[in-house]
Protein chains: 2
Amino acid sequence: MSAEITVLDRLLEITVLLQQDLARSFEATGLTLARTHLLWELRRLGPSPQQSLATALKVSARNITGLVDALEATGFVSRGPHPTDRRATLVALTELGARTMSAMEVEHAQLSEQLVAGLSESHVAQLAAGLEAVAERLRTLVESSGSEAAAKANQRAQS
Amino acid sequence: MSAEITVLDRLLEITVLLQQDLARSFEATGLTLARTHLLWELRRLGPSPQQSLATALKVSARNITGLVDALEATGFVSRGPHPTDRRATLVALTELGARTMSAMEVEHAQLSEQLVAGLSESHVAQLAAGLEAVAERLRTLVESSGSEAAAKANQRAQS
DNA sequence: TATTGTTATACTCTATAACTATA
DNA sequence: TATAGTTATAGAGTATAACAATA
């Protein structure tokens, strides 16, 4: 019983620590978490209309406008015309943006190794499997909450 | 090599999912993450001066003023005089605040169980041990970055 | 009519600096 | 002099709603 609580508590602790570590690695570039997240997706997707980024980041279109404004002003991305849709703009990584993301990818790989340094192959495999199981349960919870959220809110509002 | 990457990537995914799930559970109460965090600490510490809360949450005193303002306006906490130091105010949970935190504690326990539901006792124990190892490495990284951060920033600024 | 992106507006979290009242 | 909390100011992230240009 207390063992289960420990897993969640450890995950919450790790959540905080990971964010601190990521924030530290951004400091040197002047980037923030939200802006880096956008760059990271852009590297994965290639040049994209803002609408695609809004969907990928699960964030409003207005929010993307602001993030791209800031990233454009600091030289990490550029806006260009969409080849076929004149309503849309294509956001692309600049050379600086691409270089920054490459460096971040290296740091990501280093952190991956450091996190499990000293653990045996089999322990790492077990850990990965356990995390996959936890992630699967969380995915189910979050997805199902989409439909339950409204019902719950109504329930409590009436009580 | 790719196994290590999987552990970090899983943790990052879980980080996002956990925050979504927590946000969902706040929705019903009208609380936000930052305000709930304050209430959670208050429940642990008991009635506290704002300065103690600033230290516990690792956040500026100004920030605490804003959070307590909002929580006071919505009835979750109350401000009272400090018995011996007339400069300080004592922040305490109201009956609503205490009731809300009790409910949240129950949800926390339920989530703990759901996360590892279906896993055997020994798997859960292994998972907890693996997470403890990862957390330990992260703690070391974040602590050491405190002194390294300045040096790294200088390095990159010069290159 | 529907979609893309922007302007307008607003709220939350966060920080630093200056100031007041007390220690 | 130092500390607790507030006011003043600022910036980042987020959201909804109204609007223009284009599909």
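Reminder, nothing fancy here: chain letters follow the sequence lines and each chain counts from 1.
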Whole-Å gap separating [atom2] ([N]) and [atom1] ([X]):
X	N	atom1	atom2	result
B:R79	D:dA4	CZ	P	15 Å
A:L57	D:dA12	CG	P	18 Å
B:L31	C:dC11	CG	C1'	15 Å
A:Q19	C:dC13	CD	P	15 Å

Tell me whether the OP1 or OP2 atom of D:dA4 has a side-chain N or O from B:Q51 closer than 4.0 Å.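 B:Q51 to D:dA4 OP1/OP2: side-chain N or O found under 4.0 Å.
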When you measure from the side-chain N and O atoms of B:T65 to the phosphate of D:dG5, is any distance below 4.0 Å, counting only OP1 and OP2? no
Residues A:R24 and A:E27 bridged, charged N to O under 4.0 Å: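 Not counted as a salt bridge, because no side-chain N and carboxylate O are separated by less than 4.0 Å.
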Salt bridge check: are A:R35 and A:D69 linked by an N-O gap of less than 4.0 Å? no
Does the [X] side chain pair with the main chain of [Y], one donor and one acceptor, at a distance under 3.5 Å?
X	Y	value
A:T15	A:L11	yes
A:S48	A:G46	yes
B:T94	B:S78	no
B:R137	A:A117	yes

B/S/- along nucleotides 13-23 of chain D (protein heavy atoms under 4.0 Å) is SBBB----BBS
